[in-house]
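Atoms within a ligand are numbered from 1 in the order they appear, just like the ligands themselves. These values consider heavy atoms only, across backbone and side chains, with no hydrogens, waters or symmetry-generated copies.
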Amino acid sequence: MVENTQSNLAVTVTGVEDDRTGLSIPTLRRALADNLFYLQGKFPRIATPNDYYMALAYTVRDRLLQRWLSTIRTYLEQNVKVVSYLSAEFLLGPHLENNLINLGIYEQVQQAVTESGLDLPTLLAQEEEPGLGNGGLGRLAACYLESLATLEIPAVGYGLRYEFGIFDQEIQEGWQVEITDKWLQYGNPWEIARPEAAQMVKFGGHTEVYTDNQGAMRVNWIPGQEVKGIPYDTPILGYRVNTANTLRLWKAEAPESFDFEAFNLGDYYGSVDAKIVSENITKVLYPNDEPLQGKQLRLQQQYFFVSCALQDMIRIHLRRGNPIETFHEKFAVQLNDTHPSIGVAELMRLLVDEHGMGWERAWEITQQTFGYTNHTLLPEALEKWPLDLFRRLLPRHLEIIYEINRRFLDQVRIQYPDDHEKLAQLSLIDESGERYVRMAHLATVGSHTINGVAELHTQLLQAEVLQPFAELFAVGNWRQTFTNVTNGVTPRRWVALSNPRLTRLITSKIGDRWLTHLDDLRQLETFADDPAFQQEWRQVKQAVKEDLANRIYKQQGIAINPSSLFDIQVKRIHEYKRQHLNVLHIITLYDRLKQNPNLDLVPRTFIFGGKAAPGYVMAKLMIKLINSVAETVNNDPTVRDRVKVVFIPDYNVTNSQPVYPAADLSEQISTAGKEASGTGNMKFSLNGALTIGTLDGANVEIREEVGAENFFRFGLSADEVAQLKAGGYTPQYYYQSNVLLKSAIDLIDSGLFSGGDRELFRPLINSLMNEDPYLLFVDYPDYIECQSQVSRAYRDSEHWTRMSILNVARMGKFSSDRSIREYSDRIWHTPPVKVELEAYAQTKAGLSV
Ligand SMILES: *Cc1c(COP(=O)(O)O)cnc(C)c1O
């Protein structure tokens with residue numbers, strides 16, 4: 001790049017356009033050159049591709065700032081109600097291309113870049129995505145921020161500015177290897193630090209009761225440690241609107257006066273140690289799917305960002321001239337899972353201890369402020385913190401939680417007199433063994449609305465994990481209600497950006513309103529049987545598959561056949577998601593080919609991608625199994641490319657964007673009742689893949705929308721899973737009674753995929769044979785049968801194309817715009833607010849120079 005980018009950046013501007021906001025090609029070129037020189041400090045000759053990327057990023061940021069500052073000013077002046085989305089994770093993906101699309105300046109910038117002798121895709125590829133999330137939950141938060149801005153709803157996202165995000169994944173000899181994610185090492189052009197808005201956060205120490213000068217009993221928390229939170233703001237721009245909301249992420253620093261005593265005593269190095277300890281709080285993102293036992297730092301992270309956020313909101317609220325009593329009228333705070341649920345106790349502390357409010361009034365405000373989104377039914381994923389850890393770190397919050405619990409259980413007793421079992425079930429404290437604080441219970445009791453993320457999940461939530469609460473709230477005078485808001489994804493990133501070919505084809509037929517009114521896709525139904533349109537549809541899919549094939553060849557050296565059926569499963573690696581069921585199908589196909597080398601199979605390319613939590617032994621072994629099967633199958637001459645297996649390393653937003661559009665078949669095969677919603681399922685279907693899936697999470701609703709005849713459903717329902725488990729399940733019986741299944745397992749056991757090593761995959765086989773907690777063996781026969789239906793359907797290309805078109809046409813419901821409208825109308829009550837741009841020229845005129 002350094003060689004072939006002898007760019008010609010110097011341009012003379014003759015017009016009057018502002019250098020930092022103008023959109024003409026010469027102005028953009030001039031800005032690029034200026035930024036390279038003045039911000040990167042480089043001549044073109046020695047600039048790296050990253051320097052050019054940075055210069056371009058700043059060029060685009062300048063054009064964003066006007067919208068962002070005007071948005072902030074509008075919210076302040078109009079004193080509007082703001083959504084505050086609290087999330088420990090935001091999996092944003094790269095900003096640059098999304099901002100080009102949402103600003104509507106893609107073509108101009110592309111031309112300016114080209115005329116400067118540079119290549120836009122090369123520059124876009126330089127961006128290190130902020131991997132500040134694990135998977136679905138963090139990505140949902142990112143889609144929601146984008147939709148909030150697009151719908152012009154005032155909002156701020158609060159979270160943690162992890163120095164190291166989710167690890168980068170390398171595959172070495174088939175095994176996952178974790179590499180530190182140094183996303184900040186070359187600087188982040190999208191954030192602006194706001195040290196003037198820093199907040200102090202206390203930890204540890206003890207509490208003291210005192211009497212204030214009105215004679216009221218008050219509590220004072222004397223901390224053992226204080227940490228400073230510095231906010232870093234990133235603008236989140238809506239699609240073709242002036243609204244640019246703020247994502248405010250907090251970085252932990254030691255306060256200036258850190259450990260003053262040690263310093264005065266001359267223990268300089270001791271005081272520096274204290275500084276390091278403070279800064280550890282925002283060092284690294286925790287991977288999920290690992291036990292949190294003893295992860296004190298994780299609780300510190302949660303409290304740290306939630307306390308910063310709530311203090312920040314109160315500061316803004318008071319600065320706008322509002323009384324503290326109207327806090328809930330100006331902020332709707334959403335808890336993205338239980339990770340920020342300590343906020344319930346923290347808001348109580350701030351109102352009661354810091355702002356002198358009475359308990360009852362403070363509790364009303366708190367309950368009217370929070371909404372809680374539950375994301376999981378897996379018992380091991382429900383957060384609970386050991387009581388003594390809690391007391392050590394947050395002594396005042398433990399007292400507050402006890403008081404919330406005491407008052408809550410008093411209410412419960414009225415409804416269920418003398419029912420100790422009920423009380424124990426509902427209590428915020430788990431006293432069944434070692435004592436814990438139950439974070440889901442705190443969130444539930446402290447919120448006005450509790451929601452699940454798909455219809456089935458919301459039902460199960462009320463029937464299982466939060467059943468006692470659902471039963472309790474159904475009678476009596478409770479504020480809380482349960483409701484469902486099915487997840488969605490933003491069509492801007494997941495279609496316009498990821499699949500420009502499909503975007504052009506759709507727009508050529510129905511115009512471009514569908515990008516903000518996804519239901520418009522229905523108009524495509526008219527063309528589902530139109531041979532000319534079908535032809536174009538197939539050409540787009542084919543071209544997108546070739547793009548992915550080229551990318552895989554470039555990055556991994558594996559040649560895949562773009563005419564084969566692309567059968568894709570990309571998501572976190574987890575036993576409940578059953579990547580190993582997919583592998584059993586591959587082994588069965590391989591087995592059949594070995595038995596009958598001339599078998600007439602529809603050629604398939606199986607593509608996998610996903611990270612396993614570093615401590616999740618079984619998931620890491622599943623990755624090894626996929627790669628080992630790939631190795632064997634891909635190199636066996638009898639297969640003759642009829643089956644190919646690829647594991648794409650380092651699955652993240654950047655690497656996922658070319659994958660979803662290229663799928664013919666989307667694998668959504670979780671054990672029914674385990675996947676809360678899924679959003680990958682939506683991205684695939686919206687890009688014309690057909691789904692093979694169980695009746696789990698949002699699959700149920702996708703199937704309802706696209707029609708059962710356009711969806712490959714298999715496997716037990718959630719009810720059947722529960723029944724089977726209740727009746728006692730013996731996997732060996734299923735192994736013995738299905739020859740194909742027995743043969744597939746025996747092939748793994750024989751060491752065929754592990755160079756004769758019969759021990760390597762033993763833990764996986766043992767788990768399946770002895771427990772099979774996710775019921776692979778039960779669903780296997782139906783899955784295999786369903787997969788042969790898929791192959792038969794794929795041979796009828798007209799029919800397949802029709803199904804693909806109908807899938808896209810009927811996916812309107814799954815826009816995150818629809819989800820956000822539901823939250824806003826039913827939970828937050830936050831109407832849109834139009835932002836008027838204040839011209840930068842005006843701002844300048846206002847400066848008293
Ligand atoms: C959408 C997405 C997910 C969620 O996928 P599921 O299939 O719903 O689990 C995870 N990771 C990334 C990078 C995504 O883009």
Exercise. Quick one: do Gln668 and Lys571 satisfy side-chain hydrogen bond (donor to acceptor under 3.5 Å, both in side chains)? Show the steps, please.
Key: CA-CA 10 Å; Gln668 306 300 333; Lys571 48 180 77 246; 2.8 Å; yes
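Aromatic ring centres of Phe606 and His585 lie closer together than 6.0 Å.
Within the listing of ligand 1, atoms 1 (C), 2 (C), 14 (C), 15 (O) sit less than 4.0 angstrom from a heavy atom of Tyr660. Close contacts of ligand 1 with Gly678, meaning ligand atoms under 4.0 Å from a residue heavy atom, involve 8 (O). Listed by atom number, the atoms of ligand 1 under 4.0 Å from Trp494 heavy atoms are 15 (O). Taking every non-hydrogen atom of Gly136 and a distance limit under 4.0 Å, the qualifying atoms of ligand 1 come out as 3 (C), 4 (C), 10 (C). Those atoms of ligand 1 that come under 4.0 Å of a heavy atom in Val653, given as number and element, are 13 (C).
Lys683 counts as a contact of ligand 1, since one of its heavy atoms falls under 4.0 Å from the ligand.
Looking only at distances, a side-chain donor or acceptor of Trp183 sits under 3.5 Å from a matching main-chain atom of Glu163.
What sits closest to atom 12 (C) of ligand 1 on the protein, heavy atoms only, is Tyr651 CE2, 4.1 Å. Looking only at heavy atoms of the protein, atom 11 (N) of ligand 1 is closest to Gly135 CA, 3.8 Å. When only non-hydrogen protein atoms are considered, atom 5 (O) of ligand 1 lies nearest to Gly680 N, 3.7 Å. With hydrogens left out, the protein atom closest to atom 8 (O) of ligand 1 is Thr679 N, 2.8 Å, a heavy atom.
The backbone of Asn652, and not its side chain, has at least one atom closer than 4.0 Å to an atom of ligand 1 (non-hydrogen atoms only; backbone = N, CA, C, O). Counting heavy atoms under 4.0 Å from ligand 1, residue Phe684 does not touch it at all. Contacts of Lys577 with ligand 1, taken as heavy-atom pairs under 4.0 Å, involve the side chain alone.
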Return all side-chain donor-acceptor pairs below 3.5 angstrom for residues 90-100, not counting sequence neighbours, or 'none' if the list is empty.
from: Glu97; atom 1: OE2; to: Tyr106; atom 2: OH; distance (Å): 3.2
from: Asn99; atom 1: ND2; to: His95; atom 2: O; distance (Å): 3.4

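For the pairing with Phe684, the side chain to side chain contact (heavy atoms under 4.5 Å, CB included) check across Leu690, Ile568, Thr691 returns one residue only, Ile568. The residue from Ile623, Ile573, Leu621 that alone fulfils the side chain to side chain contact (heavy atoms under 4.5 Å, CB included) condition with Gln176 is Ile623.
Within the 4.5 Å cutoff, no side-chain heavy atoms of Arg818 are placed close to those of Leu518.
With rounding to the nearest 0.5 angstrom, the CG atom of Asp337 is 12.5 Å from the CG atom of Leu86. Rounding to the nearest 0.5 Å places OH of Tyr660 at 10.0 Å from CG of Asn687.
Considering backbone and side-chain N/O atoms, Lys571 comes within less than 3.5 Å of an N/O atom of ligand 1.
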